[in-house]
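Some notes on the structure that comes next.
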2 protein chains.
Amino acid sequence: MSIEREPAAPRLDVRDLRVVVALGRSGTTAAAAARLHLTQSAVSRALAVAEAHAGVPLFTRTARGLVPTSAGAVLLDAAPGMLADLSELERRVREPAPAPRRLRLVAECHMAYPWLARVVLRLRRTAPAVRLEMPAEHSLRAAEALAEGAIDAALLTSRPPPGFLSTEMMEDELMFLVASDHPLAAKGSLTPRDIASHELLVPTVRTEDARFLRFVFGSRRPRLRVERLAITEAIVELARAGLGIAVLSEWVAGPYLDAPEGGLTALRLRKGPLKRAWRLAHAPELDATAPLLADAIRAAQPRPRLSRG
Amino acid sequence: MSIEREPAAPRLDVRDLRVVVALGRSGTTAAAAARLHLTQSAVSRALAVAEAHAGVPLFTRTARGLVPTSAGAVLLDAAPGMLADLSELERRVREPAPAPRRLRLVAECHMAYPWLARVVLRLRRTAPAVRLEMPAEHSLRAAEALAEGAIDAALLTSRPPPGFLSTEMMEDELMFLVASDHPLAAKGSLTPRDIASHELLVPTVRTEDARFLRFVFGSRRPRLRVERLAITEAIVELARAGLGIAVLSEWVAGPYLDAPEGGLTALRLRKGPLKRAWRLAHAPELDATAPLLADAIRAAQPRPRLSRG
DNA sequence: CGACGTGATGCGTCCAACGCATCCTTGACA
DNA sequence: TGTCAAGGATGCGTTGGACGCATCACGTCG
């Protein structure tokens, strides 16, 4: 952030405007003081201050009261409008933000969508006026879409873009699936060497890579063989065919593990379960609606599949 | 003046707007403090005050800085414009009033016009850009015309309308003229009884009446016989014919007294000379030009005819 | 010429605004 | 997992601005 120069501070103040307006309407300091709930001396001093701020005399003193100068007339002409504008702005600031008509929500990872659809039903009860949309085409760059205003809220595993709020939502576990007859299946858990020496079958989203690598290997990051696939079924089927290790969220891995055809074994890292933390990021103008959305998401989220660990 | 209610005072202040804008652009209190030439603690407190004034939170505190709430976003959207408006207003107030293109001057009494015409020549030297006009049709109600904006300045013997400035200009003497063979001519001076028992030949302007009566008679005001005439020549000629006492300014009486045909005698009240005080009243927007006009008028004004008394 | 109403001002009080120093919380990184 | 850096909040003492009270100076008006 560069050291920009702030626009020159006005020397005139709201107090100056109010005093000038009251004096212009009253004609004497005593009458203006009554309007402003002050004393005559306070108004006299306040006028002196206002004139010092303006840099020119604003009223001509006569024995019968105060008569605006041409500078004072300019101020008297504009000041009531400015004060009204400020009051109107204050009213707008104070009034609660209107509930949005639509709310575009996107998750950073396709693997959330199977259960995310249920959020629509939940939110329909708590916020009937809001129509929840999920333009999934923004999933691969959810944070950028949020920053650009293309969507209103995003479920992220990465950090929200600068200037956006996010709330802690939940965790899911990334599971490692191999064919049940794969040599690794019998080991029970995976070592970093196992990860490095087999093909990894992962989704196309890359936001997780850094965390994944650090978690598994620490700072020494080997070259991996990675196959990125856009379709979850493809990842699963390649793994079932013994061609590598699928890395999938528990949210989508679960059904395949339970499926009657079987042939898949879930593994964890020996170091422990690999979890992802999810945040709900939202645009500032949604800060009233966001808690409702967060509640709906928490309620719709599936229970963790694996209780062990 | 009725006790009108002043428009509700905005609780937000220029300081609030400046702090919010700086925070919105900086994102942290420390950076905003640098912009505002304050310390971090001052900005933090100022934000708290601004939020108290606004009645709603304006920024959400995060570990990485401040993110505007929807209310804060409303304020951030409008505040820079308001500050710019205020600075612009301040600039307009500070800059000198432009010299008027034309200046409409009127005297409350037709008897000033013979020498008033010379003011045009004087002012042409000191203020060449100003075109001086004298729409004499407003003479009979000069003060009202000034108040209504039909003229810009007026030479008045009465008080200026409320809200208008006036500066002391000069005096002239009202002289009493009778035919030289009139019985009063031999008396040398006039008593109140003389005034009450003869026909008075006066101009149509009535603004002088109250002062005249008070000066001559005090609080006991008798019924007078008064003939009002619009034309100065008519007043003079009726007086010369012995039909009454003409009451005329020294400005117009002088030439008739000096005229070769003669036949007129000037009288004063026994109480002393009857003087009229003249003021130059002008609209507030002329307060820069008015001194020039006043100088021109003083320079053009004829020297008092009678040095005695 | 005196009474009144005007704005200006000296004085004392009080509180808002500020700076300094410090504390608490929260991510980031090793 | 522990440490550190960076963020905002806050207690404390100081200062200056805003105010009320009382009074002054001046012009107007009766």
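Proteins get letters first, then strands, A, B, ... in listed order; numbering begins at 1 in each.
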In whole angstrom, give the distance that lies between atom [atom1] of [X] and atom [atom2] of [N].
X         : N       : atom1 : atom2 : result
Arg15(B)  : dG17(D) : CZ    : C1'   : 13 Å
Glu168(B) : dG27(D) : CD    : P     : 11 Å
Asp13(A)  : dG17(D) : CG    : C1'   : 12 Å

side-chain contact (heavy atoms from CB on, under 4.5 Å) between Leu146(A) and Phe164(A), intermediate numbers included: CA-CA 9 Å; Leu146(A) 189 61; Phe164(A) 283 77; 3.7 Å; yes
Leu17(A) side, atom CG; Leu12(A) side, atom CG - distance, nearest 0.5 Å: 6.0 Å
Gap between atom CZ of Phe59(A) and atom OG1 of Thr28(A) - 0.5 Å precision: 11.0 Å
Distance-only side-chain donor-acceptor flag, Thr167(B) / Arg279(B), under 3.5 Å: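 Thr167(B) vs Arg279(B): no donor-acceptor pair found between side chains.
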Chi angles and distances behind the side-chain contact (heavy atoms from CB on, under 4.5 Å) call for Asp152(A), Thr289(A): CA-CA 11 Å; Asp152(A) 308 301; Thr289(A) 315; over 6 Å; no
Full working for side-chain contact (heavy atoms from CB on, under 4.5 Å) between Arg11(A) and Glu90(B): CA-CA 8 Å; Arg11(A) 301 179 57 196; Glu90(B) 191 175 315; 3.4 Å; yes
Contact residues, residues 43-54 of chain A to DNA chain C [heavy atom, < 4.0 Å]: Ser44(A), Arg45(A)
Residues in contact with DNA chain C, drawn from residues 64-74 of chain B - heavy-atom cutoff 4.0 Å: Arg64(B)
Exceeds 12 heavy-atom contacts within 6.0 angstrom, atom CZ of Arg270(B): no
Residues which pass side-chain hydrogen bond (donor to acceptor under 3.5 Å, both in side chains) with Ser166(B), listed by chain and number, not counting sequence neighbours: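 Residues passing side-chain hydrogen bond (donor to acceptor under 3.5 Å, both in side chains) with Ser166(B): none at all.
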Listed partners of Thr39(B) passing side-chain hydrogen bond (donor to acceptor under 3.5 Å, both in side chains), at least two apart: Ser41(B)
Bend angle of the helix from dC1(C)-dG30(D) to dA30(C)-dT1(D), from helix axes over five pairs at each end, nearest 10°: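 Inter-axis angle at the termini of the helix from dC1(C)-dG30(D) to dA30(C)-dT1(D): 20°.
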State whether [X] and [Y] are salt-bridged, where the test is any N-O pair (Lys NZ or Arg NE/NH1/NH2 against Asp/Glu carboxylate O) under 4.0 Å.
X         : Y         : result
Arg141(B) : Glu148(B) : yes
Arg276(A) : Glu108(A) : no
Arg61(B)  : Glu51(B)  : yes

First and last nucleotide of DNA chain C, 5' to 3', lying under 4.0 Å from heavy atoms of chain A: dT6(C) to dA28(C)
Sugar-phosphate, base or nothing in reach of Thr28(A), heavy atoms under 4.0 Å: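 Contact class for Thr28(A): sugar-phosphate only.
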Leu174(A)/Glu250(A) under side-chain contact (heavy atoms from CB on, under 4.5 Å): CA gap, chis, key distance, verdict: CA-CA 6 Å; Leu174(A) 286 181; Glu250(A) 56 179 306; over 6 Å; no
